[in-house]
Asks: 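Before I ask anything, let me first share the structure, which is written out below as structure tokens.
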Amino acid sequence: MKKVSFAEFGGPDVLQLIDAEEPHAGPGRIRIAVRAAGVNPVDWRIREGQVLGAHPIELPSGVGLDASGVVDEVGEGVEGVEVGDRVFGEGSSTYAEFAVLSAWARMPEGLTFEEAAGYPSVVETALRVIRAVGVQSGQTLLVSGASGGVGSAVLQIARERGITVIGTAGAANQDYLRSLGALATTYDEGWVERVRELGHVDAALDLAGSGVIRELVELTGDAQKVISIADLDAPECGVRFSGVAGSVPEALAEAVGLISRGKLRIPVEKSYTLAEAAAAHIDSQAGHTRGRRVLVV
């Protein structure tokens, strides 16, 4: 099969499309014929060799955590899924023609493979950080870097829970944030005062790692009310870093419910082929994403 791999840590140019042995579904796992794979910031952070506290890497390594596709192998002990089912979920080395998933759910009706591949890790992350930051219905959550995949999920899930959301993003994405129910402002000079004018901030999330941790602590008045998924130096300010995915099955089940009820939709900004994985990483690292980037197999 074809698979994206890297033999050394480094920039996007270390990614290679190679011929590799097909993986197989062990106990408690399924294998899918991949139709699309989600491109996440954690993918290029791992490729660079960043120490994220999880996902230990042995080189050479495959790339990718999220995928959608068609089940073609079911491991021992797995129930409730059959060969031929359309699923999405999380596994390893998903930038490939075949991948083994450790967590999955059936794709909701009306979702394309490209769209489905963009949900697993971002919804898990969104649910995790909303819970961890402790924001409640009736309170206000500030989301820095709100237009990407995790931001898109956070805005919609928070609004569904009765939380007011203030989102910062580039000028081109202001209407997009408003379409998701957020109070929007840009992150250029004067943004802290503009946020204050929009309302009192009870909690804040840093999703972009753009050096705003001190300002978020200032706005909330409490470092424990701020969480970053993108700034490895956040703990220096007393802010928790929570950038690595945890348990996914419950998140996938909640995502299916939200999507099916029309309460969650994350657009795909751009699709790439497996051979264009390096270009996808370059674009992901540049930021300014609206929704998700995916590789189509």
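Numbering starts at 1 and runs along the sequence shown. Any value given below was found using the heavy atoms of this structure, including those in side chains, with hydrogens, waters and symmetry copies removed.
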Asks: How close do D206 and G209 get, counting heavy atoms only, and between which atoms?
Replies: OD1-N, 2.9 Å
Asks: Does L15 belong to the same Ile/Leu/Val/Met/Phe/Trp/Tyr cluster as W44, with side-chain heavy atoms less than 4.5 Å apart forming each link?
Replies: no
Asks: So if you build clusters from Ile, Leu, Val, Met, Phe, Trp, Tyr with side-chain heavy-atom gaps below 4.5 Å, do I46 and V39 land together?
Replies: yes
Asks: Running the 4.5 Å side-chain criterion over Ile, Leu, Val, Met, Phe, Trp and Tyr, what cluster does L216 land in, apart from itself?
Replies: L142, I166, L183, W191, V192, V195, L198, V201, V212, I213, V217, L219, V226, V239
Asks: Can you tell me how far apart NE2 (H24) and CZ (F98) are? Round to the nearest 0.5 Å.
Replies: 9.5 Å
Asks: Any link between F6 and L274 through a network of hydrophobic side chains (Ile, Leu, Val, Met, Phe, Trp, Tyr) touching at under 4.5 Å?
Replies: yes
Asks: Do the non-hydrogen side-chain atoms of L252 and F88 ever get within less than 4.5 Å of each other?
Replies: yes
Asks: Kindly state each residue pair satisfying salt bridge (Lys or Arg N to Asp or Glu O under 4.0 Å) with at least one member in residues 14-35, sequence neighbours excluded.
Replies: K2-D19, E22-R31, R31-D72, R31-E73
Asks: Run the side chain to side chain donor-acceptor pair (under 3.5 Å) check on R194 and T186 step by step: do they pass?
Replies: CA-CA 9 Å; R194 291 196 298 276; T186 55; 3.0 Å; yes
Asks: If you round to the nearest 0.5 Å, how far is OG of S271 from CG of L295?
Replies: 8.5 Å
Asks: Between Y119 and S68, is there a side-chain donor-acceptor contact under 3.5 Å, judged purely by atom types and distance?
Replies: no
Asks: Measuring from atom CG of L258 to atom CD1 of I157, what distance do you get when rounded to the nearest 0.5 angstrom?
Replies: 6.0 Å
Asks: Measuring from D202:CG to I163:CD1, what's the distance to the nearest 0.5 Å?
Replies: 9.5 Å
Asks: Closer than 4.0 angstrom, basic N to acidic O: yes or no for R265 and E115?
Replies: yes
Asks: Where do L141 and A158 come nearest, in terms of heavy atoms and distance?
Replies: CD2-CB, 4.5 Å
Asks: Is any side-chain heavy atom of R47 closer than 4.5 Å to one of P12?
Replies: yes
Asks: Taking the side chain from E269 and the backbone from R290, do they hold a donor-acceptor pair closer than 3.5 Å?
Replies: yes
Asks: Say you draw a straight line from CD1 of I30 to CG of D85; how long is it, rounded to the nearest 0.5 Å?
Replies: 8.0 Å
Asks: Using only atom types and a distance under 3.5 Å, with no angle test, would you say the side chain of T168 pairs donor to acceptor with the backbone of G145?
Replies: yes
Asks: Does the ring centre of H281 sit less than 6.0 Å away from the ring centre of Y95?
Replies: yes
Asks: Should V83 and L101 be counted in the same cluster of Ile, Leu, Val, Met, Phe, Trp and Tyr side chains packed under 4.5 Å apart?
Replies: yes
Asks: Quick one: does any side-chain atom of D283 pair with a main-chain N or O of A280 as donor and acceptor, under 3.5 Å?
Replies: no
Asks: Output the distance between atom OG (S284) and atom NZ (K270), rounded to the nearest 0.5 Å.
Replies: 12.0 Å
Asks: Measure the shortest side-chain to side-chain distance between L180 and S152 over non-hydrogen atoms and say whether it is less than 4.5 angstrom.
Replies: yes
Asks: Sort and list the pairs that fulfil side chain to side chain donor-acceptor pair (under 3.5 Å) and have at least one residue in residues 212-227, not counting sequence neighbours.
Replies: R196-E218
Asks: Set out, in order, the CA-CA distance, both residues' side-chain angles and the distance that settles salt bridge (charged side-chain N to carboxylate O under 4.0 Å, His left out) for E254 and R131, then state yes or no.
Replies: CA-CA 14 Å; E254 187 157 350; R131 179 176 64 249; over 6 Å; no
